[in-house]
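Because the structure is a prediction, the values reported are computed rather than measured.
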Amino acid sequence: MPPNLTGYYRFVSQENMDNYLRALDINVVLRKLVCLLKPDKEIIHTGDHMVIRTITSLRDYVMDFDVGVQFEEDLGPVDGRKCQTTVSWEGDQLVCEQLGEKKNRGWRHWLEGDQLHLRMTAEDEVCVQVFQKVK
């Protein structure tokens with residue numbers, strides 16, 4: 001049975017965000033701004049339904065989906081694209097595949113103790129973020 005990811009998580013660290021955003025063709029000004037942000041994550045996980053909120057001082061991004069069901073994801077707030085997205089479990093990791101203009105685009109979440117890890121990929125770039133559970 002997969003873990004329940006419900007909780008509020010505060011930003012701890014990130015690696016390689018600038019190169020990840022460059023792979024998504026984000027302009028240099030926006031890349032610099034995003035690299036300064038320290039997002040929080042709020043996850044509501046009820047059975048096969050999940051809501052993942054990424055919360056920043058600039059803007060929030062909400063993903064509302066059913067695990068295993070493909071949907072059209074509007075990534076306009078991120079990079080102006082739309083993707084056919086499917087989120088599923090691979091063991092204890094929540095894995096997202098975003099099919100669209102960019103190859104190898106997606107992410108995976110997993111827990112290590114009270115820390116939520118996020119590994120995002122686009123093209124050949126990988127960005128890793130870590131969050132600490134606070135409630």
Between NE2 of H45 and CG of L5, what distance do you get to the nearest 0.5 Å? 6.0 Å
Could you tell me how the ring of W110 sits relative to the ring of H117: parallel (under 30°), tilted (30 to 60°) or perpendicular (over 60°)? parallel
Got E112 and V130 here, is their nearest side-chain heavy-atom distance under 4.5 Å? no
Indicate yes or no: at least one non-hydrogen side-chain atom of I52 is less than 4.5 angstrom from one of W107. yes
Give a yes or no on whether M63 and F11 share a hydrophobic cluster (residues Ile, Leu, Val, Met, Phe, Trp, Tyr; joining criterion: side-chain heavy atoms under 4.5 Å apart). yes
With a 6.0 Å cut-off (strictly less than), is the heavy-atom count around CG of D124, excluding the residue itself, greater than 12? no
Could you tell me whether the side chain of T121 and the main chain of V126 form a donor-acceptor pair under 3.5 Å? no
Kindly compute the distance separating CD (Q84) from CD (E97), expressed to the nearest 0.5 Å. 11.0 Å
Between R53 and D40, is there a side-chain N and carboxylate O pair less than 4.0 Å apart? no
K38 and Q14, any side-chain heavy atoms less than 4.5 Å apart: no
Check whether K102 reaches the backbone of A23 with its side chain - one donor and one acceptor, N or O, closer than 3.5 Å. yes
Counting only N and O atoms by type, is there a donor-acceptor contact under 3.5 Å from the side chain of E123 to the main-chain atoms of K103? yes
Nearest-0.5 Å distance, SG of residue C83 to CD of residue E101: 8.0 Å
Within a strict 4.5 Å, meaning less than it, do heavy atoms of the L99 and Q70 side chains meet? yes
Could you pull out the closest heavy-atom pair between F131 and P39, with the gap in Å? CE2-O, 3.2 Å
Min side-chain heavy-atom separation H49-V51 under 4.5 Å: yes
Gap separating the OH atom of Y9 from the NE2 atom of H109, nearest 0.5 angstrom: 9.0 Å
Trace of the side-chain contact (heavy atoms from CB on, under 4.5 Å) decision for K32 with D18: CA-CA 7 Å; K32 298 303 176 194; D18 189 64; 4.0 Å; yes
For R119, does the CZ atom sit with more than 12 other heavy atoms under 6.0 Å from it, leaving out its own atoms? no
Minimum heavy-atom distance V29-N27, with the two atoms named: N-OD1, 3.0 Å
Please say yes or no: joined through hydrophobic side-chain contacts below 4.5 Å, possibly via intermediate residues, are Y8 and L37 part of one cluster? no
Pair E125, C127 - check side-chain contact (heavy atoms from CB on, under 4.5 Å), show working. CA-CA 7 Å; E125 295 297 336; C127 174; over 6 Å; no
Under 4.5 Å between side-chain heavy atoms, counting indirect links through other Ile/Leu/Val/Met/Phe/Trp/Tyr residues: same cluster for V62 and I55 or not? no
Which pair of non-hydrogen atoms, one from T6 and one from K133, has the smallest distance, and what is that distance? O-NZ, 3.1 Å
Verify the cluster assignment for W89 and L116: are they in a single hydrophobic cluster under the rule of side-chain heavy atoms below 4.5 Å apart? yes
What's the spacing between K41 NZ and R10 CZ if we round to 0.5 Å? 14.5 Å
Which value, rounded to the nearest 0.5 Å, describes the distance between T86 atom OG1 and D66 atom CG? 11.5 Å
Crowded around E15 CD? As in, over 12 foreign heavy atoms under 6.0 Å? no
Main-chain N/O of I26 paired with R31 side-chain donor or acceptor, under 3.5 Å: yes
Under 3.5 Å, is there a donor-acceptor pair between the side chain of R81 and the main chain of L24? yes
Please examine the side chains of Y20 and C35, heavy atoms only from C-beta on, and report whether any two atoms are closer than 4.5 Å. no
How far apart are the closest heavy atoms of P3 and L111, and which atoms are they? CB-CD1, 4.4 Å
With a 4.5 Å cut-off on side-chain heavy atoms, are E73 and K82 touching? no
Side chain to side chain, L94 and M50, heavy atoms closer than 4.5 Å: yes
Does L75 share a hydrophobic cluster with V87, counting links as ILVMFWY side-chain heavy atoms below 4.5 Å and allowing steps through other members? yes
